Amino acid sequence: MDGTQVAFYLLAGLAVATSVLVVTGRNPVASLLFLVLSFFCLAGLFVTLEAHFLAAIQILVYAGAILVLFLFVIMLLNLGQGEPGLGLPSVPVLALSALSGLAFVALLVFTVREADIAPITPARIEAVDLAGQATVGSTEAIGTALFRDFLLPFEVTSLLLLVAMVGAVVLAKRER
Amino acid sequence: MVPLSHYLALSAVLFTIGVLGVLTRRNAILVFLSIEIMLNAVNLSLVALTRATGNLDGQVTVFFVITVAAAEAAVGLAIVVAMFRRRETVDIGRFDVLRG
């Protein structure tokens, strides 16, 4: 096993374990902190996939901003004292979860079958690098794609964030 | 080199954990956290497929997913705060003001 494989299985195991703890935990603050850990594992997995920019964004935006927002709300509403125990999920719930998991797997299998996926070899990566293109996953490559091919969605996203901001302020404002 | 299928399998496992959380938890905050797990599972499969195909569109999609997740969290948490003011609880079973 080389370093990437060791990192993958370590991070994958940790990500699954922390995600299970998020779902089963009784204390919302503990669940949230386990989710932060899970997101760090996913950022590590992004690094093993050479998506360095997204790994940084994952930590800065997801773990740093979005989850801190959750933490603020949990503390604002004083929900940190836990809740009554969670029993084993019922059979219909387990069946539904298994069904949606299988649907997700079917979707992935279909995608992989339809897409023309050639295995990445070191030679192919070297060929791309020699051609003078930015490495896939670098900030430069993502920035070029965002501002050239995805300019309109990018601008629409800024509008979405503005709407979400105004909506959040209006919804959370105390009624007079 | 880890095969693509392992990444996709991990993604499916995480997605199922998220679905289980959404279906079992009564606390609105924990339902949101489970949704975040599901979003991240999908992000992982998109990044893995980007790596396998060499097509950057997957990573750009992940960028948009993260943005939409931020918007969703802001609005969703504002709704939870507003409902908590009204009901003094975050139990989703008691959020029934829209029921006719």
Side-chain angles (χ1 to χ4, degrees), chain A residues 4-5 8 12 15-16 19-20 22-23 28 31-32 35 38-39 42 45-46 48-51 54 57 61-62 65-66 69-70 73-74 76-77 79 83 86 89 93 96-98 100-101 104-105 108 111-112 115 117 120 136-137 141-142 145-146 150 153 157 160-161 164-165 167-168 171-172, chain B residues 1-2 4-8 10-21 23-27 29-30 32-34 36-37 40-41 43-45 47-54 56-57 59-60 62-64 66-75 77-82 84-85 90:
Chain A
T4 314
Q5 280 173 318
F8 172 79
V16 170
S19 298
V20 168
V22 170
V23 171
S31 285
L32 191 116
L35 190 60
S38 169
F39 282 5
L42 277 158
L45 289 171
F46 287 176
T48 66
L49 289 165
E50 310 223 331
L54 283 178
I57 288 291
V61 177
Y62 239 129
I66 299 182
L69 183 67
F70 277 94
V73 170
I74 291 175
L76 183 74
L77 304 184
L79 302 173
E83 55 182 89
L86 177 77
V93 165
L96 263 178
S97 306
S100 51
F104 190 68
V105 170
L108 287 177
T111 310
V112 173
I117 293 176
I120 301 262
V136 167
I142 297 240
L146 263 183
F150 291 89
T157 302
L160 172 78
L161 285 174
M165 194 173 73
L171 279 170
Chain B
M1 196 75 209
V2 182
L4 172 69
S5 56
H6 289 202
Y7 281 102
L8 296 184
L10 173 64
S11 164
V13 168
L14 288 177
F15 188 84
T16 312
I17 293 172
V19 173
L20 201 60
L23 291 178
T24 52
R25 297 317 298 248
R26 313 294 300 160
N27 185 329
I29 302 274
L30 284 162
F32 270 119
L33 292 185
S34 304
E36 300 295 332
I37 295 178
N40 265 275
N43 282 352
L44 180 64
S45 66
V47 175
L49 285 166
T50 297
R51 177 85 171 106
T53 57
L56 203 58
D57 290 1
Q59 288 197 12
V60 177
V62 171
F63 183 84
F64 288 124
I66 291 177
T67 322
V68 172
E72 169 250 320
V75 175
L77 288 173
I79 292 174
V80 169
V81 169
F84 185 80
R85 287 223 180 93
V90 289

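Within every chain, numbering begins at 1; the chains are lettered A, B, ... in the order of the sequence lines, protein sequences first and strands thereafter. Just so you know, these numbers come straight off a predicted model, no measurement behind them.
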Under 4.5 Å heavy-atom distance to chain A, tell me which part of B/E72 shows up: side chain, backbone, both or neither.
neither
Side-chain heavy atoms of B/L33 within contact of A/V23, under 4.5 Å
no
Between A/A172 and B/R85 the two heavy atoms that sit nearest each other are O-NH1, 2.9 Å
CZ of A/F46 to OG1 of B/T50, rounded to nearest 0.5 Å, is 9.5 Å
Check whether A/L42 gets within reach of chain B through its side chain, its backbone, both or neither, counting any heavy atom under 4.5 Å.
side chain
Heavy-atom distances under 4.5 Å only: say whether B/F84 touches chain A with side chain, backbone, both or neither.
side chain
Looking only at heavy atoms, the pair that brings B/A82 and A/L171 closest together is CB-O, 3.5 Å
Hey, can you tell me if A/F8 and B/H6 have their rings parallel, tilted or perpendicular (30° and 60° cut-offs)?
tilted
Between B/V13 and chain A, with a heavy-atom cut-off of 4.5 Å, which part of the residue counts as in contact: side chain, backbone, both or neither?
side chain
Does any heavy atom of chain B fall under 4.5 Å from the side chain of A/V61, the backbone, both, or neither of them?
side chain
Can you tell me which portion of A/F150 sits under 4.5 Å from chain B's heavy atoms? Options are side chain, backbone, both or neither.
both
State, to 0.1 Å, how close A/V22 and B/R25 come at their nearest heavy-atom pair, and which atoms those are.
O-NH1, 4.3 Å
Looking only at B/T16, B/V81, B/I17, B/L23, the option with the highest number of non-hydrogen pairs under 4.5 Å against chain A is B/I17
Check each atom of B/L20 against the heavy atoms of chain A and say whether the ones under 4.5 Å are side chain, backbone, both or neither.
both
With a 4.5 Å cut-off on heavy-atom pairs, point out which of B/G18, B/A12, B/A41 contacts chain A the most.
B/A12
Distance in Å, B/F32 CZ paired with A/L32 CG, rounded so as to fall on 0.5 Å steps:
13.0 Å
Tell me, side chain or backbone of B/V90 under 4.5 Å from chain A's heavy atoms, or both, or neither?
side chain
Are the side chain of B/R51 and the backbone of A/E50 linked by a donor-acceptor contact shorter than 3.5 Å?
no
Give, as side chain, backbone, both or neither, the part of B/I66 having an atom under 4.5 angstrom from any heavy atom of chain A.
both
Nearest heavy-atom pair of A/F104 and B/S45: which atoms, and what distance?
CZ-OG, 4.3 Å
Report the option among A/G167, A/A65, A/P153, A/A98 that has the most heavy-atom pairs separated by less than 4.5 Å from atoms of chain B.
A/P153
When rounded to the nearest 0.5 angstrom, what distance separates CZ in A/F70 from CD in B/E36?
4.5 Å
At a 4.5 Å cut-off on heavy atoms, which part of B/S11 comes close to chain A: side chain, backbone, both, or neither?
both
Count the heavy-atom pairs under 4.5 Å between each of A/T4, A/L76, A/T48 and chain B, then report the option with the highest count.
A/T48
Atom CZ in B/F64, atom CG in A/L160: separation rounded to 0.5 Å?
10.5 Å
Does a side-chain heavy-atom distance below 4.5 Å link A/P28 with B/N27?
yes
Check each atom of A/S31 against the heavy atoms of chain B and say whether the ones under 4.5 Å are side chain, backbone, both or neither.
both
A side-chain contact here means heavy atoms from C-beta on lying under 4.5 Å apart; do B/F63 and A/T157 qualify?
no
Of all heavy-atom pairs between B/A71 and A/A164, which one has the smallest distance, and what is that distance?
CB-CB, 3.6 Å
d(B/F15 CZ, A/S19 OG) to nearest 0.5 Å is 13.0 Å
For B/V47 and A/A51, the nearest pair of non-hydrogen atoms, with its separation, is CG1-CB, 3.7 Å
Which of B/V60, B/N43, B/L14, B/I79 touches chain A most, by non-hydrogen pairs under 4.5 Å
B/V60
Okay, B/T67 and chain A: the region with an atom under 4.5 Å from a heavy atom over there is both
